[in-house]
Amino acid sequence: MDKTEEILSEDIIKEDLRYLQLLSLTYPSIAEASTEIINLEAILNLPKPTEHFISDPHGESEAFNHILRNASGYIKRKVEGIFGNTIRAEDKKNLCTLIYYPEQKLQLIKLKETNMKDFYTITLNQLIKVCREVSSKYTRSKVRKDLPKDFGYIIEELLHESPLVSDKKYQYYNVIVESIIETQRADQFIIAICRLIQRLAIDRLHILGDIFDRGPGAHLIMETLCNYQNFDIVWGNHDVEWFGAAAGNRACMCNVLRLSLRYGNMATLEDGYGINLLPLATFAMEKYKDDPCAQFQNLSVYEKTDDEKTSRLNAMMHKAITIIQFKEETRLIDAHPEYGMQNRKLLDCINLEKGVCVINGKEYEMTDTYFPTLIPGHQSELTEEEEMLMRKLEHSFLTSEKLQKHVECLLAHGCMYSISNSNLMFHGSVPLNKDGSLKEVEIQGKKYSGIRLMKKTGQLIRRAFSTDVTADNKQFARDYIWYLWCGKDSPLFDKNKMSTFERYFLKDKSTHSEEKGYYYKYNDDEKVVDMILDSFGVTGKHRHIINGHVPVKLVNGESPVKANGKLLVIDGGFSKAYQPKTGIAGYTLTFHSRGLELVQHQPFQSAEHAIMTGEDIKSSTEIVELNSQRMQVKDTDKGQVLKAKVNDLKELLFAYRNGLIKEITK
């Protein structure tokens, strides 16, 4: 309750006296406590800062970084709003590109521009106007913290220029701009202020999972995030798969390697994380030299090669690690009968003599019957050579300094779910029963559902990297990460099976299908969505579930907005591998003081093309929800924290004024 609405008394203060005495160490006088109350009350009435939601980037580092730089079109809209028809459309386009890629764009401009002094004068003034606009929702102290060291004082002076200032003061600002040019610091200043605009455009970035796999730049995305000012992530199934590999789960290592070979994405493994693939290449060339490996050709839209020898080697490596993967997965299935996955031990179902796979008594014709490493009667056991290979690969993953650093970053900033400003975020699903109620999932003899299931699985992921748990508990957690990747009751998977074996080896395509869990049947049901929000304790007049994981197929008429606007699926196919199926190149979401905006993106050609031509990603914006009144900081989660602090400070003032706590004055 606000203390202005409550009559403070000594009895109330005495209950909080110990805490207030600690608070007095920070605010030791009436003057300092009063100043902080005034400051906080002012902050509470600022416009709500902008949040940015991105899902399933899948290694598309160029497109990801571009959308970070342009803030899903937010900067472009600001430039349009500031300059309107006062400058040409071409000039606005080039100004935006300069803000996104200042170093590269300046180099191009210098090759074409004949009067750089005029360019600098005009551009510096334009950038100051844009920076002033994007910084207007923050306090001066907040902006000051983000100012670049070299130009902090100068930018601060220019940001607070007013058209109402005197002629002398206006001349003072003009002299600053002129001096920047004359001292040959204009390039550095432009780069600094463009980076500042990018930082101030978005207050917080939310990643909804699946940074890894398919695209070639997951390690580059991770480098960007680890240096980003303010972000959080809800982990996706592909992130957890890499967690498992980094923790020493062999089945996850095999999956990581298989997917990298399948999509021609070797850059992340070799260049990004220094995984030594020579032992796998040597093993594959020995065991599969006589095998065409037709089912294991590169499906990549990224790293196609005309080198027949390289393509051949990749296919052999692909098949070799796939077979080992199924063996390692069988070991986990046998070690954990509680997973209920005995029907996924499909290597044991192969009749090597007849060349068929027998499932539930039915024979299925196979696409490939060359299995030089399967031991008849013991088909899921590793050979000595395979065991030696896996030990080498395990060492490579566990000693990759960059991979371990990136996993630490994701653990520090991530979790299985997150709640921010009445938005519940998770990557995949909340497992449900057939009737739409929360499904109980048994883990280590106890049952969990909804938020408790999310918390438990998140704890297990962290336990796999912990140094203060027993060896048995750590091993269980490491194994369970694989279940989260492909187990039917996993919130990150939630399908009846992962039909990897069937897609590679069985001709009957009916075996390839994967049945989604009930969450995906109910995610357009407003009552069920409300039930999930209630169960997670999400309140507010405008509350939502935001998730990714399953790409929205716009070409099939699917919509990202479900349950009467209460659920938003923002995976629209960032990955080039998905784009033919979705018809677009991803959705992003922005949540600012005026409401929620869903942005639909077309494929991004390249950063080089954007810099050369000034062309941005072609995007269209749909207003999901428009607030009747502009939201302020006091309407946010942070606002609730600040209000509580104001109330505490008011109690402290009462204590000072009534002699319950003595001021410390100099």
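Side-chain rings of Tyr273 and His406 approach one another, their centers coming within less than 6.0 Å. Taking the ring centroids of Phe212 and His238, they lie at or beyond the 6.0 Å cut-off.
Glu329 and Gln325 are linked by a side-chain donor-acceptor pair at a separation below 3.5 angstrom, with hydrogens and angles left out of the test. In the model, Gln229 has no side-chain atom that pairs as donor or acceptor with a side-chain atom of Arg199 under 3.5 Å. No donor-acceptor contact under 3.5 angstrom links the side chains of Arg258 and Thr322, judged on distance only. A donor and an acceptor atom, one from each side chain of Ser437 and Asn433, are located under 3.5 Å apart. Between the side chains of His336 and Glu338, at least one donor-acceptor pair of N or O atoms lies under 3.5 Å. With hydrogens and angles left out, the side-chain atoms of His206 and Glu51 include a donor and acceptor closer than 3.5 Å. Between the side chains of Asn423 and His544, at least one donor-acceptor pair of N or O atoms lies under 3.5 Å. Between the side chains of Arg478 and Gln475, at least one donor-acceptor pair of N or O atoms lies under 3.5 Å.
Interatomic distance, OH of Tyr101 versus CG of Asn70, reported as 8.0 Å (0.5 Å rounding). Residue Glu442 holds its CD atom at 13.0 Å from OG of Ser449, rounded to the nearest 0.5 Å. Put simply, SG on Cys226 and NZ on Lys402 are 9.5 Å apart, with the number rounded to the nearest 0.5 Å. Rounding to the nearest 0.5 Å places CG of Leu200 at 11.0 Å from OG1 of Thr50. To the nearest 0.5 Å, the span separating CD1 on Ile532 from OH on Tyr519 amounts to 5.5 Å.
A cation-pi contact links Lys48 to Phe591, judged by a cut-off of 6.0 Å to the six-membered ring centre and 45° from its axis. Remark: Arg262 is positioned above the aromatic ring of Tyr504, its terminal NZ or CZ atom under 6.0 angstrom from the ring centre and at most 45 degrees off the axis.
Each of Phe476, Trp485, Tyr483 was evaluated against Tyr339; a single residue qualifies, Tyr483, per the ring-ring contact (aromatic ring centres under 6.0 Å, His included) test.
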